[in-house]
Amino acid sequence: MATPLSAVPLLAWLALAGAAPGGSSMLQRPGPMGQVRSGMSERPALIAALAPARGGKAKPAAPAPAPVAAPPVYGPEQAAADIEVVLTGRGKDYLQARARLEQNPGVAAPLVTARMAATPAPTTTEQRRLLALLGGIARPEDIPLFAEALRRDVAAAVKQSQEQGIELPAAEPWREILRAQGPAAAPTLTGLIAEKSFSEELRGLLIADLVAVTPADKLPELVALVGLGAPSLRAALRQAIVRRAHTSLSERAQLIQVVDAALAVGEPARLPGLVLLRAALGGADDSAFTSRAAALAEDVASEFAARVAAIRVLVARRSEPAAQDVLARLAEQHLPADKRVELRSEILGSLALAGLDPTRAAALVERLQLIGAEAPRVATAAFAVAALPGDGAWLDLSQRHAWPEVRAAALARVDGPCGTAILRRLRDGTTTSGNTFEPDATVAREVLAALGRCGGPDAFAALQAVVVDATQNVDRRAEAARQLVDRHGSGGADVVAAVLRSTDDLAVALRLVRALQRLEGPATDDVRQALCAAGKRQELATSAQRAVRGLFPDLDDPCAGS
């Protein structure tokens, strides 16, 4: 019986049906349906021929892939050439050369250090590029080189200028490289922190770098330093540890345990710093330590500095009812007239008063007559929280106080709109001589800032009188100019611009330009012309041009024709 056609496997049937006639590789053999060409031995080739679309030609077999040559070994010659590109190149070539060097540190690093010691010596720019390259290669033995570069650049910056903070931008590139070295940089950073020639601000930043690179298992060693050293450095260490702790829950839990253990020891010199650190490490649910701080604040047998730290913790956590109760008891205990004459009571009581809720604090100030207190801390704290009457008599009283911080605290309470008595007293405070002349520069600035908050035409006129008065101190004229611009907009800016055009005093002119830069909103043409005229003076050119471009961004050339 003949095998039905449908029983032939599909692919075999398609191969048979689609094979080109006359194919020389086909064999003839009899079959159930007669002579059938059979090429089963060639089936893979026939099936492959079906890949093109119907009627298409067969796809030729792909050539065998050529063998890939192994990349050349990166050797000293290539590294030396890349070092030259790093020293002289820029853009893509520089980046590619540096990447190759950093990927082959074993070849590159010895050549880089040799180039640094070569004769002639590399220039300052070349040396910086070589050191930056070593920073990317990250060899522990090169870390002292980065520290020396930091010292050298900081010393050069200080020698060039005595401007405060000049060290920081000089040190920043090397600080970044040192941080990138990780824990290996910790000993070197410790040595830099000990540099007495560095400012405390720079040493504080280096402390933060040290904390950032310290391994987790070494953090207890840093806690052992809390509470030691200069006050600013103690604060920098605490803040850096807190930042580190809040980036890792496990490290934070570890640090809390370490600090709690140190608090239990109770070393007097370190106790205040540990209290403040432990408070900062705590989270939202840290009521247990609030209670611990409350007990320490009221413990008369404890060290005074530790009690002060504990009260500061309670003030920071003033929203907790337990903290309010303790602060109220401390204020009641230390602020009566017969108690606050003693310095420690003055300090403890005034700190507690500052943390009380406004209603409770105002009532206490009124009952104990604290705004009239001779003790400066008490009076300062009292003015910050008191409920002040609107007649202005309190301001006149405050400005006769012997301590400038009390006068400044009272002025900070002035807010507009201001009554006649307050405006009169503020105008009196702007005089350049007489009984109402204010000798303290900080308080004098507060007088002008209070006039700015008063607003209105009378305050405007008082500020204008200061800024146009050539007998006034330059700082006071500058503050009056800032208040005119900040509080009175374009009208105040026009007054400042007029003074800028008329003054020959470079120090005054520079401060007026900076005041005009603060203007928010549209500036008038008078301001534009004044700034353009100032820009023609060499000493003022940079600041004036920056100001005019910022105030008139829509003009391609704001000073064209001026």
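Residues T123 and L87 fail the side-chain proximity criterion, which asks for heavy atoms closer than 4.5 Å. The shortest side-chain heavy-atom distance between P272 and V308 does not fall under the 4.5 Å cut-off. Side-chain contact between V495 and F460: present, with at least one pair of heavy atoms (C-beta onward) separated by less than 4.5 Å. By the 4.5 Å heavy-atom criterion applied to side chains, L395 and L426 are counted as neighbours. Annotation: side chain of W394 is in contact with side chain of I422 (closest heavy-atom distance under 4.5 Å). Using a 4.5 Å cut-off on side-chain heavy atoms (C-beta onward), D153 and R128 make contact. Contact annotation: the side chain of L202 approaches that of R175 to within less than 4.5 Å [non-hydrogen atoms, C-beta and beyond]. Inter-residue side-chain proximity for L131 and W174 is flagged as met; some heavy-atom pair is nearer than 4.5 Å.
Heavy atoms only, all atoms of each residue included: I371 and F383 are closest at O-CE1, 3.7 Å. Taking both residues in full, the closest heavy atoms of D440 and E438 are given as N-OE2, 2.9 Å, listed atom of the first, atom of the second, then distance. The minimum heavy-atom distance between R476 and F437, with the atom names listed, is NH1-CE1, 3.5 Å. Nearest heavy atom pair, residue A462 against residue L451, reads CB-CD1, 3.9 Å. Considering all non-hydrogen atoms of both residues, V86 and R129 come closest at O-NH1, 2.8 Å. Shortest non-hydrogen contact noted between G136 and E102 is CA-OE2, 3.5 Å.
With rounding to the nearest 0.5 angstrom, the CG atom of L205 is 12.0 Å from the CG atom of L192. To the nearest 0.5 angstrom, C454 atom SG is 9.0 Å from L463 atom CG. We find the CG-CG distance between D494 and L519 to be 9.0 Å, quoted to the nearest 0.5 Å. We find the CD-CG distance between E172 and L150 to be 9.5 Å, quoted to the nearest 0.5 Å. Residue S398 holds its OG atom at 6.0 Å from CG of L411, rounded to the nearest 0.5 Å. Between I83 atom CD1 and Q78 atom CD the span is 10.5 Å, to the nearest 0.5 Å.
In this structure, the side chain of Q181 does not engage the main chain of I143 through any donor-acceptor pair within 3.5 Å. No donor-acceptor pair under 3.5 Å is formed between the side chain of S248 and the backbone N or O of A245. Without hydrogens or angle criteria, T113 side chain to A109 main chain gives a donor-acceptor distance under 3.5 Å. Formation of a donor-acceptor pair under 3.5 Å by the R477 side chain with backbone atoms of V467 is found in this model. In this structure, R318 contributes its side chain and V315 its backbone to a donor-acceptor pair below 3.5 Å. A distance-only check finds a donor-acceptor pair linking the side chain of R252 to the backbone of L281 [under 3.5 Å]. In terms of modelled atom types and a separation under 3.5 Å, the side chain of R317 and the main chain of A279 share a donor-acceptor contact. A donor-acceptor pair under 3.5 Å is absent between the side-chain atoms of H488 and the main chain of P457, judged by distance alone. A donor-acceptor distance shorter than 3.5 angstrom exists from the side chain of T436 to the backbone of D428, with no hydrogens or angles considered. Distance alone, capped at 3.5 Å, places no donor-acceptor pair between the T503 side chain and the V499 backbone.
Between E446 and R407 there is no salt bridge, since no side-chain nitrogen of the basic residue lies less than 4.0 Å from a carboxylate oxygen of the acidic one. Checked for salt-bridge contact, R179 and E176 miss the test: no charged N lies under 4.0 Å from a carboxylate O. Ion pairing between R151 and E195 holds under the 4.0 Å rule for side-chain N and carboxylate O. A salt bridge links R139 with E141: at least one charged nitrogen is closer than 4.0 Å to a carboxylate oxygen. Using a 4.0 Å cut-off between charged nitrogen and carboxylate oxygen, R528 and D525 count as a salt-bridge pair. Using a cutoff of 4.0 Å between basic side-chain nitrogens and carboxylate oxygens, E479 and R482 are scored as salt-bridged.
At a cut-off of 3.5 Å, with distance as the only test, no side-chain donor of E405 or T380 sits close to an acceptor on the other residue. D469 and T471 form a side-chain donor-acceptor contact under 3.5 Å, judged by distance and modelled atom types alone.
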Practice item. Run the numbers on Q483 and R453 for side-chain hydrogen bond (donor to acceptor under 3.5 Å, both in side chains), then give the verdict. Key: CA-CA 8 Å; Q483 294 299 326; R453 293 192 298 273; over 6 Å; no
Point to revise | Pair L255-L277, side chain to side chain contact (heavy atoms under 4.5 Å, CB included): steps then yes or no | key: CA-CA 10 Å; L255 284 165; L277 176 59; over 6 Å; no
Practice item. Assess whether salt bridge (charged side-chain N to carboxylate O under 4.0 Å, His left out) is satisfied between R511 and D475, documenting all intermediate values. Key: CA-CA 8 Å; R511 304 289 286 278; D475 289 334; 3.0 Å; yes
Exercise for review: List the steps and the verdict of side chain to side chain contact (heavy atoms under 4.5 Å, CB included) for D458 and R427.
Suggested key: CA-CA 9 Å; D458 291 337; R427 284 196 302 269; 4.3 Å; yes
Practice item. Determine, step by step, whether V365 and L353 satisfy the side chain to side chain contact (heavy atoms under 4.5 Å, CB included) criterion, reporting the C-alpha distance in whole Å, the side-chain angles of both residues, the deciding distance to 0.1 Å, and the verdict. Key: CA-CA 9 Å; V365 168; L353 178 64; 4.2 Å; yes
Check your understanding: Given the rule in the side-chain hydrogen bond (donor to acceptor under 3.5 Å, both in side chains) test, do R244 and Q239 qualify, once you have shown the distances and angles that lead to the verdict?
Key -> CA-CA 9 Å; R244 172 74 181 263; Q239 293 162 5; over 6 Å; no
Exercise for review: Begin from the C-alpha positions of Y74 and L101 and carry the test side chain to side chain contact (heavy atoms under 4.5 Å, CB included) through to its verdict.
Suggested key: CA-CA 9 Å; Y74 191 87; L101 290 163; 3.4 Å; yes
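Evaluated for a side chain to side chain donor-acceptor pair (under 3.5 Å) with Y94, the options R90, R98, Q96 yield exactly one hit, R98.
Partners of S490 according to the side chain to side chain donor-acceptor pair (under 3.5 Å) rule, which considers only residues two or more places apart in sequence or in another chain, do not exist here.
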